[in-house]
Amino acid sequence: QVQLVESGGGLVQAGESLRLSCTASGRTFSNYHMGWFRQAPGKAREFVAVITRTGRNTFYADSAKGRFTISRDNAKNTVYLQMNSLRPEDTAVYYCAADRRYSGSSSYDYDYDYWGQGTQVTVSS
């Protein structure tokens, strides 16, 4: 089973930036679409961004467009989420996830096969 480990979360003030990283085990990282999701207290898990296997295409939730950038380095088995202009409503546990399907990328959590434990992002006002 693929294991994913997130890092880079923390406490920042509104308007500041943070970069999250997610490193996967194994040597088949490039086979997976990689997504970022988040879950705030009392809310359901929601899609943030996804990047396709080679990094050719990216897609973002409306809440992330213009502020967040997803990228990947397949040689390092790592996917990143650069978060700029953070807002208090961005406060959540952020999860990376891997989709091993041979199909198009997805914004639905049920399409993902492997999940990390999450990293806490807290944005103060």
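- Listed by first and then second residue, the ring-ring contact (aromatic ring centres under 6.0 Å, His included) pairs that reach into residues 59-83 come to none, sequence neighbours excluded.
- For the pair D62 and K65, the salt-bridge criterion is met [side-chain N within less than 4.0 Å of a carboxylate O].
- Applying the side-chain hydrogen bond (donor to acceptor under 3.5 Å, both in side chains) rule to K43 yields no partners; only residues at least two apart in sequence or on another chain are considered.
- Screening residues 31-125 for disulfide bond (SG atoms under 2.5 Å apart) gives C22-C96 as the qualifying pairs, with residues at least two apart or on separate chains.
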Identify each donor-acceptor pair in which a side-chain atom of residues 8-17 lies under 3.5 Å from a protein atom, sequence neighbours left out, and give them as a table.
| unit_1 | atom_1 | unit_2 | atom_2 | d |
| --- | --- | --- | --- | --- |
| E16 | OE1 | Q13 | N | 3.0 |
| S17 | OG | N84 | OD1 | 2.9 |

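- Between the side chain of Q39 and the backbone N or O of A92, no donor-acceptor pair lies under 3.5 Å.
- Shown here for A97 and L4, the closest heavy-atom pair between the two residues is CA-CD1, 3.7 Å.
- Applying the side-chain hydrogen bond (donor to acceptor under 3.5 Å, both in side chains) criterion to T78, with sequence neighbours excluded, gives T23.
- Residues in residues 31-55 take part in these ring-ring contact (aromatic ring centres under 6.0 Å, His included) pairs, two or more places apart or across chains: F37-F47, F37-Y112, F37-W115.
- Looking only at distances, a side-chain donor or acceptor of T52 sits under 3.5 Å from a matching main-chain atom of N57.
- Under a hydrophobic-cluster definition in which Ile, Leu, Val, Met, Phe, Trp and Tyr are linked whenever side-chain heavy atoms come within less than 4.5 Å, directly or via other members, L81 and I51 are assigned to the same cluster.
- The minimum heavy-atom distance between V93 and G118, with the atom names listed, is CG1-CA, 3.8 Å.
- Following chains of ILVMFWY side-chain contacts shorter than 4.5 Å, one can reach M34 starting from Y114, so the two form part of one hydrophobic cluster.
- Listed by first then second residue, pairs satisfying salt bridge (Lys or Arg N to Asp or Glu O under 4.0 Å) with a partner in residues 69-86 number zero, not counting sequence neighbours.
- Hydrophobic clustering (ILVMFWY, side-chain heavy atoms < 4.5 Å, transitive): M83 and V79 are in one cluster.
- Residue pairs meeting the salt bridge (Lys or Arg N to Asp or Glu O under 4.0 Å) criterion with at least one member in residues 106-125, sequence neighbours excluded: R45-D109, R100-D113, R101-D111.
- Counting only residues at least two apart or on different chains, no disulfide bond (SG atoms under 2.5 Å apart) pair has a member in residues 28-93.
- With sequence neighbours excluded, the residues satisfying side-chain hydrogen bond (donor to acceptor under 3.5 Å, both in side chains) with Y94 are R38.
- With hydrogens and angles disregarded, a donor-acceptor distance shorter than 3.5 Å links the side chain of S25 to the backbone of Q3.
- When the side chain to side chain contact (heavy atoms under 4.5 Å, CB included) test is applied to S85, the partners found at least two apart in sequence or on another chain are R67.
- For the side-chain hydrogen bond (donor to acceptor under 3.5 Å, both in side chains) test, residues two or more places apart in sequence or in another chain that qualify with Q120 are T122.
- A distance of 12.0 Å separates CD1 in I70 from CD in Q82, rounded to the nearest 0.5 Å.
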